[in-house]
2 protein chains.
Amino acid sequence: MVVDQLSASGMDRIFHAFADATRRDIVVRVITGEYSVSELAAHYDMSFAAVQKHVAVLERASLVLKEKRGREQIVSVNFEAVRRAQQLLDEYETIWRQRVDRISDILAEDKKASP
Amino acid sequence: MVVDQLSASGMDRIFHAFADATRRDIVVRVITGEYSVSELAAHYDMSFAAVQKHVAVLERASLVLKEKRGREQIVSVNFEAVRRAQQLLDEYETIWRQRVDRISDILAEDKKASP
DNA sequence: CTGATCTACAACCATATGGTTGTAGATTAG
DNA sequence: CTAATCTACAACCATATGGTTGTAGATCAG
């Protein structure tokens with residue numbers, strides 16, 4: 001299992017996008033419903049431009065898409081990118097379990113050796 | 001479900017720690033085996049101090065612990081912090097599924113309404 | 001004891017990040 | 001047509017990040 005191409009700047013972007021509470025909050029909103037950029041902006045105590053930048057970070061990470069509808073841009077989640085992050089953490093989980101199992105085996109061997 | 005306290009700087013740190021390929025690689029190494037800081041540093045094309053900083057980032061995120069052993073510091077993973085990130089993404093998954101189910105229901109209603 | 005090794009930490013630098021304000025282009029409402 | 005709304009983007013600023021080199025304290029090997 002490869003786990004991670006060292007040049008995985010896609011993963012860099014995905015995790016970086018998650019590394020901010022405002023952006024995580026935006027993700028939850030756009031998972032649950034439809035929001036334009038200005039509707040999103042209304043919920044945060046910062047400028048429209050700042051929220052626009054947060055959306056841009058999510059967009060660069062492919063976590064969200066923008067779809068023009070009239071004069072507004074509707075933000076929606078691209079769950080595939082969320083899954084990419086999930087899978088990476090799941091691979092850690094797999095390696096972790098293998099290691100724990102291996103250590104358990106060693107301890108079991110010990111027990112057998114000195115009863 | 002709360003999903004995320006907006007002041008979750010712990011999550012910020014965890015995801016930020018994952019947002020770098022070198023740090024993700026370090027995590028894999030210390031999951032699978034025992035490494036001192038200098039042993040880790042030997043594997044990367046950067047200074048010892050740079051790797052030391054990466055380890056510090058992982059440490060601040062509680063993803064790894066350092067344990068002094070003689071003159072070296074052995075780095076080990078704290079899997080609980082990994083699980084925190086996993087759980088957050090799993091909650092997204094839950095919300096996502098609920099939303100998909102809800103949309104499916106609506107579509108099913110439509111079908112029933114116009115057969 | 002002496003020298004080599006491992007670590008910590010400071011100082012420094014270039015660039016990225018996260019915020020601001022301001023300007024301008026589309027689009028809609030009246 | 002005009003005014004209001006939504007968006008995009010540039011310019012700017014303070015601070016954070018990711019790298020470097022250099023210095024110094026512990027610890028181990030011989």
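Inter-residue side-chain proximity for B:Val37 and B:Phe48 is flagged as met; some heavy-atom pair is nearer than 4.5 Å. With a 4.5 Å cut-off on side-chain heavy atoms, B:Ile31 and B:Phe79 count as touching. Side-chain contact between A:Leu63 and A:Val77 is absent, with no heavy atoms from C-beta onward closer than 4.5 Å. With contacts defined as side-chain heavy-atom distances shorter than 4.5 Å, the pair B:Leu40/B:His54 does not qualify.
What separates CG of A:Asp45 from C1' of C:dG18 is a distance of 14 Å, to the nearest Å. What separates CZ of B:Arg23 from C1' of D:dG18 is a distance of 9 Å, to the nearest Å. Remark: P of D:dC6 and CG of A:Leu40 are 13 Å apart, rounded to the nearest angstrom. If you measure from atom CG of A:Asp20 to atom C1' of C:dA16, you get 14 Å, rounded to the nearest angstrom. Atom CD of A:Glu67 and atom C1' of D:dT7 are 16 Å apart (whole Å). Nucleotide C:dA16 holds its P atom 14 Å from the CG atom of A:Asp12, rounded to whole Å. The CZ atom of B:Arg13 sits 10 Å away from the P atom of D:dT17 (whole-angstrom rounding). When the C1' atom of D:dC9 is taken as reference, atom CZ of A:Phe48 falls 11 Å away, rounded to whole Å.
Within the 3.5 Å criterion, the main-chain N or O of A:Ser62 finds a donor-acceptor partner in the side chain of A:Asn78. The main-chain N or O of A:Asp12 is never found under 3.5 Å from a side-chain atom of A:Ser9 such that the two would form a donor-acceptor pair. In this structure a side-chain-to-backbone donor-acceptor pair under 3.5 Å is present from A:Arg102 to B:Thr32.
Sorted by first then second residue, the salt bridge (charged side-chain N to carboxylate O under 4.0 Å, His left out) pairs that include residues 41-66 of chain A, not counting sequence neighbours, are A:Glu59-A:Lys66.
Side-chain proximity of A:Glu72 to the nucleotides C:dT7, D:dT7, D:dT17 is greatest for D:dT7. Closest approach to the A:Ala49 side chain among C:dT21, D:dT7, C:dA8 is made by C:dT21 (side chain taken as heavy atoms from C-beta onward).
Nearest-nucleotide mapping onto DNA chain C: of A:Arg69 and A:Ala19, the residue sitting toward the 5' end is A:Ala19.
In this structure B:Arg84 satisfies the side-chain hydrogen bond (donor to acceptor under 3.5 Å, both in side chains) test with no other residue, sequence neighbours excluded. By the side-chain hydrogen bond (donor to acceptor under 3.5 Å, both in side chains) test, A:Arg99 is found to be paired with no residue, residues two or more places apart in sequence or in another chain being considered.
Neither OP1 nor OP2 of D:dT7 sits under 4.0 Å from any side-chain N or O of A:Lys66. Note on B:Ser38: a side-chain N or O is less than 4.0 Å away from OP1 or OP2 of C:dT7. Side-chain nitrogen and oxygen atoms of A:Ser36 include none within less than 4.0 Å of the OP1 or OP2 phosphate oxygen of D:dC6. Between B:Ser47 and D:dG19 there is no side-chain N or O to OP1 or OP2 distance below 4.0 Å.
Comparing the local axis fitted to the first five base pairs of the helix from C:dC1-D:dG30 to C:dG30-D:dC1 with the one fitted to its last five gives a bend of 30°, rounded to 10°.
Listed in residue order, the members of residues 52-65 of chain B having a heavy atom less than 4.0 Å from DNA chain D are B:Lys53, B:His54.
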- [ ] Let me see the working for B:Tyr35 and B:His43 under side-chain contact (heavy atoms from CB on, under 4.5 Å), right down to the final yes or no.
- [x] CA-CA 11 Å; B:Tyr35 283 84; B:His43 291 86; 3.8 Å; yes
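Summarising the geometry, atom NE2 belonging to B:His16 is positioned 11.0 Å from atom CZ belonging to B:Arg13; distances are rounded to the nearest 0.5 Å.
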Heteroatom pairs (N/O) under 3.5 angstrom, protein to nucleotides 23-27 of chain C:
| from | atom 1 | to | atom 2 | distance (Å) |
| --- | --- | --- | --- | --- |
| C:dT27 | O2 | A:Arg71 | NH1 | 3.3 |

